Amino acid sequence: MTTDTAGSEGSSGADPAELITRNVAEAVTSEEVEALAADPAGKRAYVGYEPSGVLHVGHLLTANKLIDLQRAGMEVVVLLADVHAYLNGKGSFEEIRETAERMKAQFLAYGLDEENTEFVYGSSYQLEEDYGLDLHALELETSLNRAQRAMAELQGGETPRVSHVVYPLMQALDIEYLDLDLAVGGIDQRKVHMLARETLPELGYEARPCLHTPIVADLTTGEGKMSSSAGVTISMADSTEELAEKVNSAFCPPTRDPEGDLENPVLELFEYHVFPRFAEVVVERPEEYGGDLEYGSYEDLAADLESGELHPADAKGALAASLDELIEPGRAKLRELE
RNA sequence: CCGCUCUUAGCUCAGCCUGGUAGAGCAGUCGACUGUAGAUCGACUUGUCCCCCGUUCAAAUCGGGGAGAGCGGACCA
């Protein structure tokens, strides 16, 4: 069905600089990131995650980038942001820690290299005096308006709390306290990272470069960002059947660039999730329609979809199978943890 | 502490004044049509009306109590 490349080479991935910058929505700044890419060995990059019991494609997209960075020789730090989760009303520290451990196990199952990944709990340093005082200094440097623009989106109807504006300030400080060379996040983290780059120097620290991954569009509509709610997103908890059903019902016009602001989520999943992990994708196709097809790159597949050579229904079958293979280890781990 | 407002379908809300066990839009589900999805037609589903007590033949609606949420309460004008 698909050929795993995670261990060895990788079709387009031998070059570290290419690994670091591929499939990225934005590098801030590209000069700084290029400088890093020129000598990636031992450099530290991170993504912060609010603990979640089940990983979904959103998590996996940044995880793919972390895997890229590891293969390029960098050290990876995964922040299990328990204090952030607490600030976001996600429960007691005990509950949060439990979901964080599940999250960690899933990341490892997904393919992060255990040797080169440092999992850090936010609470292990964010409650120290130095951190607290620096946080207050940052609060002093930051207008309420600015912090509000950087804060995470509120859950429907929720009213903003002071905790919500402290949240992004802590994200900024984390970049310093985790001793990083690079901050990674979805493009939705852009404002936070910009805040960090602007304010860290005010405290006498160095601004770090950032890499922002794209965000996959909503599966069923192709609009905006895919919702992370269960039942809508694709997650480690999906069975093979659920996966097939979700992918089959996905919006998929035979083009890379649908009308208006719409995206083609099926192609996006191939581009950001499948091809980065597999050297080849085999599309099984009934003889009636011409028999199986093989693709070694996203470009080839997308081109065939646009030309009509590859029918969306067949593409979906291959996508579901590939995603299933990617998710299987995490799914097994979840079952084991039950 | 005081005052005002809000609480009805998954979501946004209407209905309350002038009691008769509930509606719209969106979402969702299912068919038709396309070898996917969408679009387009066609059909359909959904509710402790925040809780308790009371008035009444009858309460989402009236009265009392309670809970949750939001906003406001210097000065100036």
Side-chain angles (χ1 to χ4, degrees), chain A residues 1-2 52 54 56-58 87-92 144-145 147-148 151-166 214-235 237-275 278 281-295 298-327:
Chain A
M1 201 137 300
T2 40
S52 161
V54 174
H56 56 69
V57 280
L87 287 173
N88 227 345
K90 294 296 165 60
S92 71
L144 189 53
N145 191 25
Q148 220 158 345
M151 77 185 178
E153 275 183 47
L154 299 169
Q155 309 289 352
E158 199 184 359
T159 44
R161 310 276 160 171
V162 175
S163 62
H164 291 130
V165 296
V166 170
I215 289 190
V216 175
D218 184 271
L219 248 198
T220 58
T221 65
E223 297 169 340
K225 324 294 178 221
M226 184 182 314
S227 161
S228 58
S229 7
V232 181
T233 186
I234 287 169
S235 83
D238 288 332
S239 67
T240 302
E241 296 70 32
E242 286 171 324
L243 207 52
E245 204 174 309
K246 285 179 182 179
V247 170
N248 181 52
S249 61
F251 176 68
C252 185
T255 169
R256 271 178 248 236
D257 195 22
E259 291 185 39
D261 297 329
L262 301 180
E263 302 295 335
N264 186 323
V266 170
L267 282 182
E268 288 185 326
L269 289 171
F270 268 116
E271 184 175 15
Y272 304 131
H273 290 276
V274 178
F275 281 103
F278 297 119
V281 174
V282 176
V283 176
E284 293 184 351
R285 194 166 64 168
E287 281 309 322
E288 173 191 1
Y289 297 122
D292 295 359
L293 290 168
E294 281 184 24
Y295 294 101
Y298 165 72
E299 274 310 314
D300 294 345
L301 185 147
D304 269 10
L305 187 83
E306 284 200 311
S307 74
E309 173 63 27
L310 173 63
H311 191 277
D314 296 323
K316 283 179 173 181
L319 177 62
S322 302
L323 291 176
D324 189 56
E325 196 173 335
L326 282 172
I327 278 169

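In what follows, chains carry the letters A, B, and so on, assigned in the order in which the sequence lines appear, proteins first and then strands, with residues in each chain numbered from 1. Keep in mind it's a predicted model, so treat the numbers as computed, not measured.
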**Prompt:** Are any of the side-chain heavy atoms of A/Leu319 and A/Val281 separated by less than 4.5 Å?
**Reply:** no

**Item:** A/Asn248: side-chain contact (heavy atoms from CB on, under 4.5 Å) partners, not counting sequence neighbours
**Value:** A/Lys316

Taking [M] as the reference, what is the distance to [N] when you measure between their [atom1] atoms (whole Å, please)?
N	M	atom1	answer
B/U45	B/C30	P	15 Å
B/C76	B/G66	P	36 Å
B/C13	B/A39	P	25 Å
B/U55	B/G63	P	15 Å
B/A14	B/A22	C1'	11 Å
B/A60	B/C6	C1'	15 Å
B/G15	B/G19	C1'	13 Å
B/U7	B/U12	C1'	14 Å

Considering Watson-Crick and G-U wobble pairs with both distances under 3.5 Å, what does [N] pair with?
N	value
B/G31	B/C41
B/G63	B/C53
B/G47	none
B/U18	none
B/A77	none
B/C11	B/G25
B/C71	B/G3

**Asked** If every non-hydrogen atom of A/Val283 is compared with every non-hydrogen atom of A/Ala318, which pair is closest and at what distance?
**Response** CG2-CB, 3.8 Å

**Complete:** OH (A/Tyr298) and CG (A/Leu267) are apart, to the nearest 0.5 Å, by 4.0 Å

**Prompt:** When rounded to the nearest 0.5 angstrom, what distance separates CG in A/Leu323 from OG in A/Ser235?
**Reply:** 11.5 Å

Scan nucleotides 36-39 of chain B against the protein and return all N/O pairs shorter than 3.5 Å with their distances rounded to 0.1 Å.
residue	atom	partner	partner atom	Å
B/U36	O2'	A/Asn248	O	3.0
B/U36	O2'	A/Asn248	OD1	2.9
B/U36	O2'	A/Lys316	NZ	3.0
B/U36	O2	A/Lys316	NZ	2.7
B/U36	N3	A/Cys252	O	2.6
B/U36	O4	A/Cys252	O	3.3
B/A37	O4'	A/Ala250	O	3.2
B/A37	O4'	A/Lys316	NZ	2.9
B/A37	O2'	A/Ser249	O	3.2
B/A37	O2'	A/Ala250	O	2.8
B/A37	O2'	A/Phe251	N	3.2
B/A37	N3	A/Cys252	N	3.2

**Asked** For A/Glu306, what residues pass the salt bridge (Lys or Arg N to Asp or Glu O under 4.0 Å) criterion, not counting sequence neighbours?
**Response** A/Arg256

**Check: A/Asp218/A/Thr220 side-chain N/O donor and acceptor closer than 3.5 Å** = yes

